[in-house]
Number of protein chains: 2
Amino acid sequence: MDIQEGKQKFIESWGKMASDWGINRTMAQVHALLLVAPDALTADEVMDGLSISRGNANMNLRALIDWGLVHKKLKSGERKEYFYAEKDMWKVVRQIIIHRKKKELEPMLKVLDEVAGVEANCPQSESFCTVVKDIRTLSQKADKTLDTLIKADSSWFSTIFYQMVR
Amino acid sequence: MDIQEGKQKFIESWGKMASDWGINRTMAQVHALLLVAPDALTADEVMDGLSISRGNANMNLRALIDWGLVHKKLKSGERKEYFYAEKDMWKVVRQIIIHRKKKELEPMLKVLDEVAGVEANCPQSESFCTVVKDIRTLSQKADKTLDTLIKADSSWFSTIFYQMVR
DNA sequence: TTTTGTTTTCAAAAATAATTGAAACCAATG
DNA sequence: CATTGGTTTCAATTATTTTTGAAAACAAAA
């Protein structure tokens, strides 16, 4: 397998995985393309590289910037924008955690808190109260853990992983 | 908020969260419905409870069984099947990890291994090799960690969480 | 064997999500 | 200011995913 084929496979696979996780496939492919690019790319290069339209490229580049996974670079004397991906994988993981926590975990937690109002005057509906309480406890733990992870640095990350796998 | 309204909110929210994570919304709603149900439900009760068709209910109940999140129960003397959800949240988390790891992490890891063939005769394309190597290392760590998690019991789970949040 | 109650299947329809492309916009330059 | 090179927007289209519902399959009971 040569580099070109390898890149191709990587981009495809990264896109597939993302779409399994509810993330736009093309967004992930743009991300992958930038990850394996030796230098920052222009919107046109992204369009060509993935055979997608200008609108699509633009939308997904913006989304990636919004997620904090891609940055813009302006070359002096040039008018067009260049895009490059954050390549420190620990930063990448952290950005993804920050984004998904905010958009998905926190709203769920909010609902669980609301619903916990019911839980207060419990035994009426045993299983409902128990389940909500359990999920809420678990989610709160997850929330706190993620907060810690977000604040932690890369070496700490390795340390905890090492601990976990013994 | 009364219990009915609480259940409703919970089911909606569980479904929303699932669809954010690339899981069929209705599947998650069926799961939520069964989680908060005091007893096992029939397919018809699920259909009524969520206003969905028989085919849809059947498909998603099967999928939940496949994920190991729901079980079938046959009441003696009765012809129809009853369904109930696993309510031990640690088991639920574990089943989800098992399923998603197999379907999503492992295929990605396989591709990374293949692509690592390119990595072998590296410096040709610096960034590609570095990125692939980093992601591969990270994925392998995640894979091992999840294996440990899967084997671990609930108390261990709490312990590690406790450690993480200090 | 036939009837009856139930589950399963799957092609077609509906709903949802992603993509296109051309027009509008923006700002640097002549 | 008008032009040029580039970015953004978004209604319409296209692709993908989900759902329906009726027919087929199954299996217990008559």
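Protein chains get the first letters and strands the later ones, always in sequence-line order, with residue 1 at the start of each. This is a predicted model, so every value here is computed, not measured.
- One atom, NZ of B:Lys80, and another, P of C:dT4, lie 17 Å apart when rounded to the nearest Å.
- Ring-plane geometry between B:Phe128 and A:Phe10 is classed as perpendicular, the angle between the planes exceeding 60 degrees on a 0 to 90 degree scale with a lower cut at 30.
- Regarding B:Lys73, its NZ atom lies at a distance of 19 Å from the C1' atom of C:dT6, rounded to whole Å.
- Exactly one residue among B:Val70, B:Leu61, B:Ile11 makes a side-chain contact (heavy atoms from CB on, under 4.5 Å) with B:Val30. That residue is B:Leu61.
- Both B:Thr42 and A:Ile23 lie close to DNA chain C; mapped to their nearest nucleotides by heavy-atom distance, the more 5′-ward contact belongs to B:Thr42.
- If you take CD1 on A:Ile23 and NE2 on A:His31, they are separated by 10.0 Å, rounding to the nearest 0.5 Å.
- Regarding B:Leu50, its CG atom lies at a distance of 15 Å from the C1' atom of D:dT18, rounded to whole Å.
- Here side chain to side chain donor-acceptor pair (under 3.5 Å) pairs that include residues 55-64 of chain A, with residues two or more places apart or in two chains, are A:Asn56-A:Asn60, A:Arg62-A:Glu81.
- The separation between B:Glu78 atom CD and C:dG5 atom P is 14 Å, rounded to whole Å.
- Taking the six-membered ring for Trp and thresholds of 30 and 60 degrees, A:Tyr84 and A:His71 have ring planes inclined between 30 and 60 degrees apart.
- Remark: P of C:dC25 and CD of A:Glu81 are 19 Å apart, rounded to the nearest angstrom.
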What's touching nucleotides 19-21 of chain D from the protein side, N or O pairs under 3.5 Å?
{"from": "D:dT19", "atom 1": "OP1", "to": "B:Thr26", "atom 2": "OG1", "distance (Å)": "2.3"}
{"from": "D:dT19", "atom 1": "OP2", "to": "B:Asn24", "atom 2": "OD1", "distance (Å)": "3.4"}
{"from": "D:dT19", "atom 1": "OP2", "to": "B:Asn24", "atom 2": "ND2", "distance (Å)": "3.3"}
{"from": "D:dT19", "atom 1": "OP2", "to": "B:Thr26", "atom 2": "OG1", "distance (Å)": "3.2"}
{"from": "D:dT19", "atom 1": "OP2", "to": "B:Asn56", "atom 2": "OD1", "distance (Å)": "3.4"}
{"from": "D:dT19", "atom 1": "O5'", "to": "B:Asn56", "atom 2": "ND2", "distance (Å)": "3.4"}
{"from": "D:dT20", "atom 1": "OP2", "to": "B:Ser53", "atom 2": "N", "distance (Å)": "2.7"}
{"from": "D:dT20", "atom 1": "OP2", "to": "B:Ser53", "atom 2": "OG", "distance (Å)": "3.0"}
{"from": "D:dT20", "atom 1": "OP2", "to": "B:Asn56", "atom 2": "ND2", "distance (Å)": "3.1"}

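- Close to D:dT8, at under 4.0 Å from its OP1 or OP2, lies a side-chain N or O of A:Asn58.
- For the pair A:Ala43 and A:Arg79, both in contact range of DNA chain D, the more 5′-proximal nearest nucleotide belongs to A:Arg79.
- Salt-bridge annotation for B:Glu12 and B:Lys16: absent, with no side-chain N of the basic residue lying under 4.0 Å from a carboxylate O of the acidic one.
- When the options B:Glu5, B:Met1, B:Lys7 are evaluated for a side-chain contact (heavy atoms from CB on, under 4.5 Å) with B:Ile3, the one that passes is B:Lys7.
- In this structure, B:Lys75 atom NZ and C:dG5 atom C1' are separated by 17 Å, rounded to whole Å.
- Protein atom CE of B:Met47 is 13 Å distant from nucleotide atom P of C:dT8, rounded to whole Å.
- Taking atom CG of residue A:Leu74 and atom P of nucleotide C:dC26, one finds them 18 Å apart after rounding to whole Å.
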